[in-house]
Chemist: 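This is the structure, below, for whatever I ask next.
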Amino acid sequence: MKKIIQPLVVGNWKMNPLTETMAVRLARDIKKGCARIQDVAVVIAPPSLYLGTVHKILDGSHQVQLGVQNVHWDKLGAHTGEISLPMLKNFAVSYVIIGHSERRELGETDVMVNTKIQAALKAGITPIVCVGEKMRDHSADYLGFVERQIREACKGVPRAKLSRIVIAYEPIWAIGTGNTATPADAHEMKLFIQRILTDLYGRAVAMKVKVLYGGSVNAKNAEILLSEGAIDGFLVGGASINADEFIQIIKIAAA
Ligand code: PGA
């Protein structure tokens, strides 16, 4: 039976690998491993320095699309160290990760996240918007925290464009720590995010938004997170720079 929402698996390579030769090998292995897998969308987000090379490798692959880990909202100009959305078009980039906690940690605010989302939507590039709390507390303040992040992210986003946003719930305590959210945690958060979006935009469009989970996802925990967490896919960090493990996760999402 076909799934109503096609799962999405995104590999966030972060600041890896060390050499272009290694990036080439990783991209090739992932492309090859995905060649026969269907019913799942796959995105890899290498460091921007490798975009041109990885773009050439992926060329012609419908299965693996290109993403980036950050972008500036302006088209061009005096923004040292930044890259723009029109530049990404040169490399057929179709996804951009926005508001990752590692960037928020460096000072990216909700307002900047929102500006980037609006610019990405305008440019026709799908924003993968990261939200997630630093820690869990007994009084459930983490829910309020995530709610604020989502409401701020959606400011000025028209209903007609909402379904082009992907939300990645990434609790900071789970990123790179080996401490994964339980499937119940992930499920609770997906329902909670859908409720906020329903409140803002109505149920019909809210239900079209993909909600991914990220934070120490690997080939061992992917299956239970998907089946019991009822999430729409993954944002994978560490395990995405190991082609074999990443492909296993993709196969689980496709199954
Ligand atoms: P991780 O990172 O899979 O290494 O925990 C996920 C992320 O930060 O996107």
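Model, not experiment: these values are computed from the prediction. When a ligand or atom number is given, it counts from 1 through the structure's own listing order.
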Chemist: Which atoms of ligand 1 are found less than 4.0 Å from any heavy atom of L235?
Modeler: 9 (O)

Chemist: Give the intermediate values and the outcome of side chain to side chain donor-acceptor pair (under 3.5 Å) for residues H79 and D74.
Modeler: CA-CA 9 Å; H79 301 293; D74 263 356; 2.9 Å; yes

Chemist: Would you check whether E102 has a nitrogen or oxygen atom less than 3.5 angstrom from a nitrogen or oxygen atom of ligand 1?
Modeler: no

Chemist: Would you mind checking which non-hydrogen protein atom is closest to atom 4 (O) of ligand 1, with the distance to 0.1 Å?
Modeler: G238 N, 2.8 Å

Chemist: In terms of atom number and element, which parts of ligand 1 are under 4.0 angstrom from non-hydrogen atoms of N12?
Modeler: 9 (O)

Chemist: Out of the candidates I231, V236, V9, only one should pair with V217 under the side chain to side chain contact (heavy atoms under 4.5 Å, CB included) rule; please name it.
Modeler: V236

Chemist: Out of Q69, E170, K14, whose heavy atom is nearest to atom 9 (O) of ligand 1?
Modeler: E170

Chemist: Return the residue, atom name and 0.1 Å-rounded distance of the protein heavy atom closest to atom 3 (O) of ligand 1.
Modeler: G237 N, 2.9 Å

Chemist: Could you tell me which atoms of ligand 1, counted from 1 in the order shown, lie closer than 4.0 angstrom to a heavy atom of G215?
Modeler: 5 (O)

Chemist: Apply side chain to side chain donor-acceptor pair (under 3.5 Å) to Q69 and W13, showing your working.
Modeler: CA-CA 8 Å; Q69 303 170 19; W13 291 7; over 6 Å; no

Chemist: Under 3.5 Å between any N/O of G176 and any N/O of ligand 1: does that happen in this structure?
Modeler: yes

Chemist: Tell me which part of I175 gets within contact of ligand 1: side chain, backbone, both or neither, using heavy atoms under 4.0 Å.
Modeler: both

Chemist: What side-chain donor-acceptor pairs closer than 3.5 Å can you find for residues 46-54, not counting sequence neighbours?
Modeler:
| unit_1 | atom_1 | unit_2 | atom_2 | d |
| --- | --- | --- | --- | --- |
| Y50 | OH | P17 | O | 2.9 |
| Y50 | OH | L18 | O | 3.2 |
| T53 | OG1 | E20 | OE2 | 2.4 |

Chemist: If you apply the rule salt bridge (Lys or Arg N to Asp or Glu O under 4.0 Å), what do you find for D110 with R151, and how did you get there?
Modeler: CA-CA 9 Å; D110 280 332; R151 287 185 183 271; over 6 Å; no

Chemist: Does a sphere of radius 6.0 Å around CD in E223 hold more than 12 heavy atoms from other residues, nucleotides or ligands, not counting ones at 6.0 Å or beyond?
Modeler: no

Chemist: Could you work out, with ring pair (Phe, Tyr, Trp, His ring centres under 6.0 Å) as the rule, every residue matching H187, not counting sequence neighbours?
Modeler: none

Chemist: With heavy atoms of H100 as the reference, note each atom of ligand 1 found under 4.0 Å away.
Modeler: 7 (C), 8 (O), 9 (O)

